[in-house]
Amino acid sequence: MPVLKLFNTMGRSLQEFVAQNPPSVGFYGCGPTVYNYAHIGNLRTYVFEDILVRTLRRFGFKVTHVMNITDVGHLSGDDDMGEDKMVRSAEERGQTVLQIAQFYTDAFFADTDRLNIVRPTIVCKATDHIQDMIDLIKRIEANGFTYMAGGNLYFDVSKFPHYGELANLKLEELRAGARTKVDENKRNPHDFVLWFTKSKFENQALVWDSPWGRGYPGWHIECSAMSMKYLGENFDIHAGGIDHISVHHTNEIAQSEAATGKPWVRYWLHAEFLVMDNGKMSKSKGDFLTLQSLTDRGFDPIDFRYFCLGGHYRSQLTFSWEGMEQAKASRKSLVERILDLREKAQGKVADVPGGRAKERLDRFDGYLADDLSAPRALAELWQLVKDPEIPPAEALAAAFDMDSVLGLKLSEARREEQTFDPVFAGEIEKLVQERILAKKSKDWAKADAIRTGLKARGITLEDTPAGTIWKKL
RNA sequence: GGCGCCGUACCCAAGUGGUAAGGGAGAGGUCUGCAAAACCUUUAUGCGGCGGUCCAAUUCCGCCCGGCGCCUCCA
């Protein structure tokens, strides 16, 4: 395998990936806050993380993938007088916060399953790790990075010299340009809460006892506590959306390294946003597209996955229905080619692709190795399935190999005949035979009538040299 | 104000200091009773504009125009 290079946000450069303890790789990906459905922008990031994990595994690494489920502590902004997201959602539905969390957690994994995203090795809920967070905060406190103010425990960013390195922030300038509506308890606008006992709103549903009083953890601490618990005090990769660079990940680094006194994460990867024609999609504004809204329009979840793969993860991708239509058409055509190859290979798939197929597979791996260039990798797959000089059985072997990373379910592709309800299929088969007879007697009117009739029922006929085949429209 | 990104054919979207991947859509052709599918051919002397560096720039630098993201919960 070629040398894997990844763009590290820390340092903003393409760097050779060197695992700390090869072949093991510790990977932490920020998971969802489960107060609502994931929207397709969220899902784009998870598709990216899936490509990352699958690529690492293809390149021989043993990946431990940890993902958090944020079910507490994710508060509204500094100057936002609104409620806790979880609490609001619970009140609206007349359920408990934990019921809400469970419902949307299930919905989240149902979505990622449909997108053929491999489940994380470890999924951990914030509410199951409160003691770990408290223990970690104690260490941060013991090292002198905290202060109490107004009942809350704050992290003092001025004590952490490297604060803001990930985001290229300079504290002096930030002070000057700071906003006015910040929490008045803060000494520095960028200080953040590690533990709340005084909330800006009432009815905090979940509270725990702690050395600082009864309350609940700040948002950032869960990722530090849980990642260290499962991956150790320093690990290889941490990934998430680009919006997390300046606040969430910056704060995670500060508190983690303040606790341990040593470097925490080696590689930081961030996925750019999926944006709508008129700007970004906002989960908190309530109007956003879910995977379900795509399938309601007749798209297969994998069409969306294909759509995501068409753009590089570090580039903004603009969502549009037209773009989805194109992805759908494109994927359909790709699957058609796989089916054709299957028929030509008469069910055979080479054990190991050789010759020209191997060359294309190598090129494919080279593209993945170059900062996960899915668009070029996908283009290479197209070149492969279109290459007339490659024997079908070899092409299939290489294509399925590529799909171990792309995840387009190519090996599961079947002609509709094989997946249809047998009764319905038998009925169609009968009509097809009738039409063949009509054609033999040159009764074009009847033949065309049958074809038109089937089309109305969503079935299209194709007369190939090998006979008539039918498929779903 | 600070940080960062983008502007490539009708559409989506890669990419490179030496002359533009791939897909969708369109057009022409082969095949066909007609279709469909498939296959073949075809679609940017051009990469927002203006300068600069260079033997050579779409690719580097500067400026300008246009669009977007983050800095506040958000992938």
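Below, read A as the first sequence line, B as the second, and so on, with proteins coming before strands; counting in each chain starts at 1.
Rounded to an integer number of Å, the gap from A/Ile245 CD1 to B/rU72 C1' is 16 Å. As rounded to whole Å, 22 Å separates atom P of B/rG69 from atom NE2 of A/His248. Rounded to an integer number of Å, the gap from CH2 of A/Trp268 to P of B/rC70 is 19 Å. Put simply, CG on A/Leu339 is 12 Å from P on B/rA38, counting in whole angstrom units. In this structure, the CZ atom of A/Arg314 is 16 Å from the P atom of B/rA13, given to the nearest Å. Separating the NZ atom of A/Lys442 from the C1' atom of B/rU32 is a distance of 12 Å, rounded to the nearest angstrom. Going from atom CG of A/Leu461 over to atom P of B/rA35 covers 16 Å, rounded to whole Å. Put simply, CG on A/Leu368 is 15 Å from C1' on B/rG22, counting in whole angstrom units.
No contact: A/Arg360 has no heavy atom under 4.0 Å from any strand. Across all strands shown, A/Glu49 has no heavy atoms under 4.0 Å from either base or sugar-phosphate atoms. Residue A/Ser333 is in sugar-phosphate contact alone, with no base atom involved, counting any heavy-atom pair closer than 4.0 Å across all strands shown. Residue A/Gly323 is out of contact with every strand shown, counting any heavy-atom pair closer than 4.0 Å. Residue A/Ala271 is classed as having no contact, given no heavy-atom separation below 4.0 Å to the nucleic acid. At the heavy-atom level, A/Trp444 lies under 4.0 Å from base atoms of the strands shown. As judged by a 4.0 angstrom heavy-atom cut-off over every strand, A/Leu317 is placed among residues touching the sugar-phosphate backbone only.
Under a cutoff of 6.0 Å and an axis angle of 45°, A/Arg187 and A/Tyr154 do not form a cation-pi pair.
For A/Glu16 and A/Lys5, the salt-bridge test fails: no basic side-chain N is under 4.0 Å from an acidic carboxylate O. Using a cutoff of 4.0 Å between basic side-chain nitrogens and carboxylate oxygens, A/Asp448 and A/Lys439 are not scored as salt-bridged.
For the P atom pair drawn from B/rG48 and B/rG24, the interatomic distance equals 25 Å after rounding to whole Å. On the P atoms, B/rC61 is 11 Å away from B/rC6, given to the nearest whole Å. Taking atom P in both B/rU16 and B/rC3, the straight-line distance is 26 Å, to the nearest Å. A gap of 25 Å separates the P atoms of B/rA35 and B/rU42, to the nearest Å. Separation of the P atoms belonging to B/rA9 and B/rU43 is 16 Å when rounded to the nearest angstrom. With both ends at atom P, the span from B/rG62 to B/rG67 equals 22 Å, rounded to whole Å. Nucleotides B/rC40 and B/rU45 are separated by 25 Å at their P atoms, to the nearest Å. Straight-line distance between the P atoms of B/rU19 and B/rU59: roughly 15 Å, to the nearest whole Å.
Of the candidates B/rU72, B/rA21, B/rC34, the closest approach to any side-chain atom of A/His190 belongs to B/rU72. Residue A/Glu462 places its side chain closer to B/rA36 than to any other of B/rA14, B/rC34, B/rA36. Proximity note for A/Lys386 (side chain, C-beta onward) versus B/rG4, B/rG23, B/rG33: the nearest is B/rG23. With B/rA21, B/rG23, B/rC68 as the candidates, the nucleotide lying closest to the side chain of A/Ala379 is B/rA21. Considering only the side chain of A/Asp448, B/rG33 comes nearest among B/rG33, B/rC68, B/rG23.
Annotation: of the two residues near RNA chain B, A/Trp382 and A/Ser315, the 5′-most nearest-nucleotide partner is A/Ser315. Between A/Leu378 and A/Val247, the residue anchored nearer the 5' end of RNA chain B, judged by the nucleotide with its closest heavy atom, is A/Leu378.
OP1 or OP2 of B/rC68 has not a single side-chain nitrogen or oxygen of A/Thr318 nearer than 4.0 Å. Within the structure, every side-chain polar atom (N or O) of A/Ser330 is placed at least 4.0 Å from both OP1 and OP2 of B/rC12. At the phosphate of B/rC39, OP1 or OP2 sits under 4.0 Å from a side-chain N or O atom of A/Arg337.
Using cut-offs of 30° and 60° on the angle between ring planes, the pair A/His162 and A/Phe160 is perpendicular. Classified by interplanar angle (parallel below 30°, tilted 30° to 60°, perpendicular above 60°), the ring pair A/Phe108/A/Tyr46 is perpendicular.
With hydrogens and angles ignored, a donor-acceptor pair closer than 3.5 Å exists between the side chain of A/Arg451 and the base of B/rA35. Judged by atom type and distance alone, A/Gln326 reaches the base of B/rG23 through a side-chain donor-acceptor pair under 3.5 Å. With hydrogens and angles ignored, no donor-acceptor pair under 3.5 angstrom links the side chain of A/Asn168 to the base of B/rC70.
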**Residue pair A/Asn68, A/Tyr28: steps toward the side chain to side chain donor-acceptor pair (under 3.5 Å) verdict** = CA-CA 8 Å; A/Asn68 63 296; A/Tyr28 186 88; 3.1 Å; yes

**Prompt:** A/Thr121 and A/His65: side chain to side chain donor-acceptor pair (under 3.5 Å), yes or no, with the steps?
**Reply:** CA-CA 5 Å; A/Thr121 320; A/His65 176 189; 5.6 Å; no

**Message:** Under the criterion ring pair (Phe, Tyr, Trp, His ring centres under 6.0 Å), I'd like the reasoning laid out for A/Phe307 against A/Phe299: C-alpha separation, chi angles, the key distance, then a yes or no.
**Reply:** CA-CA 11 Å; A/Phe307 176 80; A/Phe299 293 104; 9.4 Å; no

**Message:** Evaluate A/Phe192 against A/His220 for ring pair (Phe, Tyr, Trp, His ring centres under 6.0 Å), listing each step before the verdict.
**Reply:** CA-CA 9 Å; A/Phe192 54 93; A/His220 314 295; 5.3 Å; yes

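Taking a centre distance below 5.5 Å and an interplanar angle below 30 degrees as the stacking criterion, A/Phe273 does not stack against the six-membered base ring of B/rG69.
With respect to A/His270, the side-chain hydrogen bond (donor to acceptor under 3.5 Å, both in side chains) criterion is satisfied by exactly one of A/Asp243, A/Asn8, A/Thr45, A/Thr9: A/Thr9.
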**Asked** Dot-bracket for RNA chain B, 5' to 3', with Watson-Crick and G-U pairs under 3.5 Å, [ ] for crossing pairs and | for other-strand pairs: what is it?
**Response** (((((((..(((.....[...)))((((((.......))))))....(((((..]....))))))))))))....

